[in-house]
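Each remark here refers to the structure printed beneath this line.
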There are 2 protein chains.
Amino acid sequence: EGIVVRGVTLKRDLARVVLIGVPNKPGIAARIFAHVAKHKIVVDDIIQNVYDQGQVANISFTTSLGDAKEAVACGEELAKEIGFKQVELDENVAKVSIVGIGMKTHTGVAAQMFNALSEAKVNIQNINTSEIVISCLIDQKDGEHALQTLHAAFDLDK
Amino acid sequence: EGIVVRGVTLKRDLARVVLIGVPNKPGIAARIFAHVAKHKIVVDDIIQNVYDQGQVANISFTTSLGDAKEAVACGEELAKEIGFKQVELDENVAKVSIVGIGMKTHTGVAAQMFNALSEAKVNIQNINTSEIVISCLIDQKDGEHALQTLHAAFDLDK
Ligand SMILES: C[C@@H](O)[C@H](N)C(=O)O
Ligand SMILES: C[C@@H](O)[C@H](N)C(=O)O
């Protein structure tokens with residue numbers, strides 16, 4: 001059985017924008033991200049969760065720090081146009097990721113990552129998983145510490 | 001410049017569980033997924049969004065339909081133990097994904113996927129992106145239609 005987690009990466013200087021209470025009906029995500037693209041904002045990750053029995057969604061995306069103000073302005077235009085509750089911004093974000101293969105079938109891997117960060121007292125903001133990458137958004141100040149913690153947790157610093 | 005989107009996949013018979021209003025402090029995600037693993041539930045994707053100025057998070061995960069009841073029972077135990085508002089279940093879910101390379105730097109790709117689904121009147125529940133895979137959770141009944149729509153949208157059915 002091969003080594004599952006092959007590396008850890010850290011992406012700094014990100015901003016996180018979340019659109020809260022977006023109506024959950026077809027066409028909304030398309031409209032939002034067409035508008036974001038029109039503002040020439042480069043999007044890193046998009047994370048959306050539906051809740052309140054499928055009535056609304058929170059849509060979060062990350063951009064470079066440089067695009068943060070533009071992204072919020074864009075979000076506020078959309079809040080008026082589409083009609084949703086709130087736009088929030090966090091300009092103090094980094095993304096730490098573990099990279100591997102077949103991580104889905106090794107159910108413990110995500111839990112192991114969250115556990116390592118928790119023991120290092122690093123708060124996890126957003127989570128985003130696939131078979132190949134599990135990413136956590138954290139405070140920028142925790143970036144280096146999170147990187148070292150995960151290297152140790154997955155035996156990668158030998 | 002190579003072809004960015006190489007294929008579309010559909011994963012059927014999924015259930016979506018969302019834990020609503022989870023306190024946003026270190027150790028919670030670790031506790032939740034250790035508990036889920038203890039119940040022998042196999043988790044497909046995990047998506048977490050923080051909101052309300054970082055006070056709470058919604059954490060969503062997908063499992064097989066067969067694990068749905070167990071996953072909800074597990075979520076409800078955690079709601080009591082940890083103290084959060086609500087657990088919701090949708091047993092009618094499929095995941096459609098576009099697979100490619102370097103999709104982040106081609107900013108239009110996600111917007112193009114959302115647009116194609118919107119024109120097909122397919123509602124997007126959850127969204128989850130990385131450089132290699134962009135996944136949307138949709139209603140099970142829309143699975144086949146979404147698959148064909150995306151094949152056509154990305155010129156993959158020639
Ligand atoms: C919220 C948003 O994703 C909506 N459900 C859509 O399909 O566009
Ligand atoms: C909500 C949960 O992810 C919490 N922030 C944690 O770090 O565990």
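These numbers were taken from a predicted model, which means no experiment stands behind them. Quick note on labels: first sequence line is chain A, next is B, and so on, each numbered from 1.
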At their closest point, which heavy atom of [X] faces which heavy atom of [Y], and how far apart are they?
| X | Y | result |
| --- | --- | --- |
| B:Ala34 | A:Ala111 | N-CB, 4.5 Å |
| A:Asp45 | B:Thr129 | OD1-O, 3.0 Å |
| B:Val50 | A:Arg16 | O-NH1, 3.5 Å |
| A:Gln125 | B:Gln48 | O-NE2, 2.5 Å |
| B:Phe114 | A:Ala29 | CD1-O, 3.9 Å |

Below 4.5 Å, heavy-atom pairs only: which of [options] has the largest tally toward chain A?
| options | result |
| --- | --- |
| B:Ala30, B:Ser118, B:Gly54 | B:Ala30 |
| B:Asp52, B:Val36, B:Ile32, B:Leu137 | B:Asp52 |
| B:Ile28, B:Val133, B:Asn115, B:Asn58 | B:Asn58 |

Is chain A contacted by the side chain of [X], its backbone, both, or neither, given a heavy-atom distance below 4.5 Å?
| X | result |
| --- | --- |
| B:Lys95 | side chain |
| B:Ile47 | both |
| B:Val122 | backbone |
| B:Gln53 | both |
| B:Glu88 | side chain |

Part of [X] lying under 4.5 Å from any heavy atom of chain B:
| X | value |
| --- | --- |
| A:Asp44 | both |
| A:Ile46 | both |
| A:Gln112 | neither |

Problem - Point-to-point distance, once rounded to the nearest 0.5 Å, from CG of B:Asn128 to CD1 of A:Ile127 - result: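 Going from the CG atom of B:Asn128 to the CD1 atom of A:Ile127 covers 11.5 Å.
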Practice task
Rounded to the nearest 0.5 Å, what's the gap from CD1 on B:Ile132 to CD1 on A:Ile132? Could you check?
Solution key: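 One gets 4.5 Å once the value is rounded to the nearest 0.5 Å.
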Exercise for the section: Quick one: which of A:Asp90, A:Ile124, A:Val18 has the most heavy-atom pairs under 4.5 Å with chain B, could you say? Expected result: A:Ile124
Handout entry: Within-4.5 Å side-chain heavy-atom neighbours: B:Tyr51 and A:Asn49
Key =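 No - every pair of side-chain heavy atoms lies 4.5 Å or more apart.
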